[in-house]
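In what follows, a structure is listed as C-alpha cells, so that the remarks can point back to it.
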2 protein chains.
Amino acid sequence: MNDSRPIRAKSGTNHEGTSAHNRRVMIDALRINGALSRADLARATRLTKQTVSNIIEELERDGLVSSQEAVRKGRGQPSTPYGLVPEGAFAIGLQIDRHVTRAVAVDLVGSVLVRDEAGLPPGGPFNGTKVILDLVAGVRSKLAGIVQQSEKRLVGLGAAMPGPFGVAGSGDDPWMMEAWQKFPLLETLAAGTGLDVGLQNDAAAAATAERMVGAAHGLDHAVCLFVGYGIGAGLILNGELYRGANGNAGEIGMALLFADGKSTPLEHRASLASLYQHLSIDPADPDLYARINELALRGDHSIHAWVEAAAADLRWSIHLLETLFDPQTVILCGSAPEALVSRLFAAIGPLLPSIAERRGRTLPRLQPGIADPWSVALGAAAGPISRAFDPRFAAILKDSLQS
Amino acid sequence: MNDSRPIRAKSGTNHEGTSAHNRRVMIDALRINGALSRADLARATRLTKQTVSNIIEELERDGLVSSQEAVRKGRGQPSTPYGLVPEGAFAIGLQIDRHVTRAVAVDLVGSVLVRDEAGLPPGGPFNGTKVILDLVAGVRSKLAGIVQQSEKRLVGLGAAMPGPFGVAGSGDDPWMMEAWQKFPLLETLAAGTGLDVGLQNDAAAAATAERMVGAAHGLDHAVCLFVGYGIGAGLILNGELYRGANGNAGEIGMALLFADGKSTPLEHRASLASLYQHLSIDPADPDLYARINELALRGDHSIHAWVEAAAADLRWSIHLLETLFDPQTVILCGSAPEALVSRLFAAIGPLLPSIAERRGRTLPRLQPGIADPWSVALGAAAGPISRAFDPRFAAILKDSLQS
DNA sequence: TCATTAAGTCAAATGTATTGACTTAATACT
DNA sequence: AGTATTAAGTCAATACATTTGACTTAATGA
C-alpha cells in the first residue's frame with residue numbers, strides 16, 4: 001500500500017544558479033588567460049558587456065578581482081584589464097601520509113604561502129588527530145600573520161590521503177585499511193577546525209594541483225599519473241576532477257599486470273613501496289628521500305634496474321590511460337625524490353603507439369608534472385579553491401547554492 | 001605587436017539556459033521514475049510548484065508529456081500524474097558495420113518502431129553511401145506511415161560505427177582506417193537527410209542504449225563492456241556519456257595484455273574477430289550469427305575453449321574498468337550471437353576482487369545488458385534523444401541554445 | 001579637424017523563478 | 001453528518017539576473 005520509494009531526480013536551477021555559474025566562468029577565464037578587459041570577457045563568455053560589468057563589479061567588491069592599468073590597443077577607448085587578486089581567497093591543504101603529515105596554505109591563484117609538516121606517531125588516527133589539528137592550526141595562524149583577513153577568506157580545508165576509500169577487506173596494506181578507514185576523519189577535521197572539509201586521494205589531489213598551476217592548466221581532459229608510496233591516476237574529465245561513484249576512480253595501482261605467469265597489481269611493481277622493497281630500505285627512515293636522491297643521481301645500479309622495470313610498467317600504464325580516457329595529455333607527477341622521478345620520466349620514452357597518436361596533436365603525449373614532496377598538500381588545498389570558484393555543473397544546481 | 005592569441009573561456013548562461021535545464025530535469029525525472037505529479041516533481045527537483053506547473057504546461061503543449069488519471073492517495077486533493085508521451089519525439093539510429101548497415105526509428109522512451117538493414121557493398125563509403133541513405137530514407141518513411149507528424153518530431157540522426165576515430169596510421173584493421181576515416185561521413189549524412197547528425201563508436205552507442213532503456217537506466221556511473229566484432233567500453237560518467245578529448249574514450253580493445261612473453265591487444269583475444277579466427281570462419285558469411293548460435297547452444301568444444309579464454313580476459317577487463325572508473329555497475333553488452341554472450345556472461349563469474357567490493361553495495365558488480373544485433377542501432381538512435389532531452393552541463397551554456 | 005572604432009555605462013525591458021494567498025478536493029476525526 | 005485537516009494545484013504580484021539599444025568616453029587614423 002505504501003508506494004513510497006524515493007523519487008530520484010536531478011536538481012533544477014534558478015537565477016542564482018545562473019549568476020553563480022557566470023561568476024565562476026569569469027574567474028576561470030581570468031585564471032586561464034590572465035587579466036582581461038570586460039569587453040574581452042564578454043566576447044569569450046558570450047555574455048553581454050553589461051552582464052560582465054555587473055559581475056566584475058561584484059567580484060571587485062568581493063575582493064576577488066582588481067583592475068589594472070588601462071591598455072591602449074589601436075582605436076577606441078582603452079580597455080581596463082581585470083585580474084585575479086591572489087589574496088581574494090585562501091585554502092588549507094592537508095596531506096596525511098604514513099609517517100608524516102603536511103599542511104600548506106595557498107591563495108586564490110595557487111601560490112603556497114605557508115607550509116609545515118609533522119611526524120605522525122604510529123598507532124593510527126587516534127594518536128595522530130592531535131598532531132594533525134595542531135599542524136593545521138599552526139599553518140592557519142601563520143597565514144593570519146602574513147595576510148590580513150585571511151580567516152574571512154578561507155574557503156575550506158582539503159585533505160588528501162592514499163585511497164581507496166570505503167573498500168571492504170582485502171587490504172594488503174594494513175596501514176590504510178585497518179586504522180583510518182573506520183575513523184570519521186572528515187567529521188573530526190570539521191569539528192576541530194570549523195572549516196568545510198573535503199577529502200580526496202593523493203592522485204586526485206595531484207591532478208587538482210596540475211590543473212590549477214601545472215601542466216593541466218586550462219585543459220579539460222588530462223590524466224595525471226601519480227607515483228608516490230603507491231601509484232594512482234588523477235582524472236580531469238570535462239574540465240572537472242572525476243571521482244567515480246565512490247571517490248575511488250583512477251586507482252590504477254590495483255590494475256593487474258600479468259607477468260611470469262601470475263598477476264600482480266601495478267602498485268607492487270611501480271611505486272616507492274616497491275622500490276623500498278627492492279632496495280631493502282625501511283620506509284620510516286627520515287632521510288629516505290635524500291638517500292634515494294643521492295643514489296639516483298649517482299646512477300646506482302640497483303636503482304637503475306628498478307627504474308628500467310618501473311618505466312616499462314609506466315609505459316604500459318600511460319598507454320592504458322590514453323586508451324581508456326582519451327585525454328589531451330598525460331602528466332607524470334608524484335610525491336617522490338625528484339631525481340628519481342626525472343630518471344623515471346627519461347626512462348619511459350619512447351611511448352607505445354596508441355590512439356593518442358593523431359594528426360594535429362599540439363600537446364606532448366606525456367609531460368612532466370609537479371613532483372616535489374609538497375605537491376599532494378598543494379593539490380589538497382587546490383580542492384576547496386576549485387570547488388568554490390571553478391565552473392562545475394553541480395554549482396548551478398539549486399541543491400548546492402549556499403546563500 | 002599583434003597580441004591576439006585566442007581567449008579561451010567557458011560559455012556563460014542566462015534565463016533560457018535555466019529554463020532549458022529545468023525542462024530537461026523534468027523529462028529526466030519522468031523517465032527515471034515514471035509518471036509523477038507536479039507536486040512530486042517540485043519536491044524532487046527542488047523547484048516550486050508554480051515553476052513546475054509552468055514547465056509541465058509547456059511540455060504538454062509541446063506534446064512531450066500528458067496527464068494521466070488522477071490518483072487518490074490519502075488526504076488532500078488527488079494528484080494528477082504526468083508521464084512522457086512516447087510519440088513526443090523520434091530519432092533515427094544508424095549502425096554502420098563492416099558488411100551490413102542497420103537503421104532503426106525510436107521514440108522518446110526508446111521503443112523501436114521501425115527497423116531495417118541492408119548489406120554494404122565492399123569498397124568502402126563511396127559505394128556504401130547510397131545504400132545507407134536509402135536505408136535511412138526507408139526507415140524514415142515507414143515511420144511516417146506509422147505515426148502522424150513524425151517528421152516534425154524527429155530530433156536527429158545518430159550514427160554509430162567502430163572506433164577509434166581520427167587516429168594516425170597503425171590500423172591493423174584495414175576496414176576502418178583506410179576507407180572510412182577520411183570520408184566526410186557526418187557531412188554526407190547531414191546533406192543527404194537534412195537532419196542533425198551525431199557520431200559515436202559502437203560501445204558508446206551501446207552505453208547510451210543501456211542508459212535509456214537498459215541496466216544503466218537512472219544510473220550516473222556505469223560502464224558498458226561491449227563485445228562485438230571488436231571490443232570497447234561505453235562510459236556513463238556523472239550521468240553523461242563520456243567521449244574523451246577526441247571521442248575515443250573507452251577503446252579498451254587496444255589495451256595491451258601481456259601473455260606468453262608478448263603483448264597483445266585485448267581485441268585480438270576477446271572479440272568476435274578473434275572468435276572468427278579461432279574457428280576459421282569467414283566473417284562475411286551471412287548466416288554467421290545463426291551458425292555460431294547453434295554451435296554455442298550445442299556446447300561445441302572449440303567454442304567452449306574460446307569462451308573460457310575470452311571470459312578470463314573479460315574478467316580482467318572488468319576488474320580494470322572497476323579500478324579506473326569506479327562505476328556503480330558494469331554491464332556486459334554486445335552485438336553478437338545471443339547464446340554466445342550468455343555463455344560468456346556465465347563463464348566470467350566469479351569476478352576478481354576489486355575496489356568494487358564495498359559495504360552497502362546494492363547493484364551487482366556485473367549485469368547482463370542488451371546483446372541483440374540491433375543494440376548498436378538502438379544506441380545510435382538514443383544519442384540524439386539524449387542530446388535533446390537529458391540534463392547535461394553543455395545544454396545550459398549559451399553557445400548551445402538553439403531557439 | 002573629424003570620422004571611425006572600441007570600451008564601457010545607463011535605463012528600460014524581458015524572461016524565469018519565487019512568494020504568499022487562495023481554491024479545490026480528498027480523508028480523518030468527532 | 002459535519003467539520004477539521006491535509007495536500008494538490010492556481011493566481012497575481014514580485015524578485016532577480018540578463019538583455020537591449022541608445023549613449024558616453026577616449027583613443028587612432030586620414
Side-chain angles (χ1 to χ4, degrees), chain A residues 1-4 7 11-26 35-60 65 67-82 396-399 401 403, chain B residues 1-4 7 11-26 35-60 65 67-82 396-399 401 403:
Chain A
M1 208 84 280
N2 188 358
D3 181 22
S4 65
I7 295 171
S11 168
T13 187
N14 61 11
H15 306 124
E16 293 171 41
T18 301
S19 167
H21 172 70
N22 289 343
R23 278 178 61 121
R24 285 166 183 260
V25 167
M26 302 275 170
L36 294 175
S37 69
R38 291 147 137 103
D40 283 338
L41 282 167
R43 279 185 294 265
T45 61
R46 297 164 165 270
L47 293 166
T48 59
K49 284 184 296 181
Q50 186 58 59
T51 301
V52 171
S53 270
N54 295 341
I55 294 177
I56 285 291
E57 192 181 356
E58 193 186 305
L59 291 175
E60 194 170 23
V65 308
S67 61
Q68 302 180 352
E69 226 176 312
V71 175
R72 285 188 299 276
K73 42 183 175 187
R75 281 186 183 176
Q77 185 178 75
S79 64
T80 307
Y82 284 77
I396 286 178
L397 309 182
K398 282 191 83 175
D399 54 16
L401 296 172
S403 78
Chain B
M1 207 86 276
N2 188 359
D3 181 22
S4 66
I7 295 171
S11 167
T13 187
N14 61 10
H15 306 123
E16 292 170 39
T18 302
S19 167
H21 172 71
N22 288 343
R23 278 177 62 121
R24 285 166 183 260
V25 166
M26 303 275 169
L36 294 174
S37 67
R38 292 146 136 104
D40 282 339
L41 282 166
R43 280 185 292 266
T45 62
R46 297 165 165 271
L47 293 166
T48 60
K49 284 185 295 182
Q50 185 57 59
T51 300
V52 171
S53 270
N54 295 341
I55 294 176
I56 285 292
E57 194 181 353
E58 193 186 306
L59 291 175
E60 193 169 24
V65 308
S67 60
Q68 303 181 351
E69 226 176 313
V71 176
R72 284 187 300 274
K73 43 181 176 190
R75 280 186 183 176
Q77 186 178 76
S79 63
T80 308
Y82 284 77
I396 287 179
L397 308 183
K398 281 191 83 175
D399 54 16
L401 295 172
S403 78

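Just so we're clear, the structure is a prediction, and the values are computed from it rather than from any experiment. By convention in this document, chain letters (A, B, ...) are assigned in the order of the sequence lines, proteins followed by strands, and residues within each chain are numbered from 1.
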(request) Output the distance between atom CZ (B:Arg46) and atom CG (A:Asn14), rounded to the nearest 0.5 Å. (result) 12.0 Å
(message) Would the base of D:dC16 count as contacting A:Glu16 through its side chain, where contact means a donor and an acceptor less than 3.5 Å apart?
(response) no
(request) Take atom NZ of A:Lys398 and atom P of D:dC16, then tell me their distance rounded to the nearest Å. (result) 14 Å
(request) Indicate, with a heavy-atom threshold strictly under 4.0 Å, whether B:Arg23 touches base, sugar-phosphate, or nothing. (result) nothing
(request) Go through DNA chain C in 5' to 3' direction and return only the first and the last nucleotide with some atom under 4.0 Å of chain A's heavy atoms. (result) C:dT4 to C:dT18
(message) What is the separation between atom CZ on A:Arg46 and atom C1' on D:dT18, rounded to the nearest whole Å?
(response) 16 Å
(request) Please lay out, stage by stage, how A:Val65 and A:Met26 fare under the test side chain to side chain contact (heavy atoms under 4.5 Å, CB included). (result) CA-CA 10 Å; A:Val65 308; A:Met26 302 275 170; over 6 Å; no
(request) Quick one: pull up CZ in A:Arg38 and CD in A:Glu57 and give me the separation to the nearest 0.5 Å. (result) 7.0 Å
(request) Find the distance A:Lys49:NZ to D:dT18:P and express it as a whole number of Å. (result) 17 Å
(request) Report the residue (A:Asn22 or A:Gly74) whose heavy-atom-nearest nucleotide on DNA chain D is the more 5′ of the two. (result) A:Asn22
(request) Classify the nucleic acid contact of A:Ser19 as base, sugar-phosphate or nothing, counting any heavy atom under 4.0 Å across all strands shown. (result) sugar-phosphate
(request) Determine the contact category for B:Ser79: base if any of its heavy atoms lies under 4.0 Å from a base atom, sugar-phosphate if only primed atoms, P, OP1 or OP2 are that close, otherwise nothing. (result) sugar-phosphate
(request) Please lay out, stage by stage, how A:Gln50 and A:Asn54 fare under the test side-chain hydrogen bond (donor to acceptor under 3.5 Å, both in side chains). (result) CA-CA 6 Å; A:Gln50 186 58 59; A:Asn54 295 341; 3.0 Å; yes
(message) B:Arg43 vs A:Ile7, test: side chain to side chain contact (heavy atoms under 4.5 Å, CB included). Steps then yes/no.
(response) CA-CA 9 Å; B:Arg43 280 185 292 266; A:Ile7 295 171; over 6 Å; no
(request) Supply the atom-to-atom distance A:Ser19 OG to A:Arg24 CZ, rounded to the nearest 0.5 angstrom. (result) 11.0 Å
(message) With a cut-off of less than 4.0 Å, is there a side-chain N or O of A:Asn14 near OP1 or OP2 of D:dC16?
(response) no
(message) Checking side chain to side chain contact (heavy atoms under 4.5 Å, CB included) between B:Thr13 and each of A:Asn22, A:Leu47, A:Thr45, which is the one that passes?
(response) A:Asn22
(message) Both A:Pro78 and B:Asp40 contact DNA chain D. Taking the nearest nucleotide for each, which residue is further toward the 5' end?
(response) B:Asp40
(message) Quick check on DNA chain C: between A:Tyr82 and B:Ile55, whose nearest nucleotide comes earlier from the 5' end?
(response) A:Tyr82
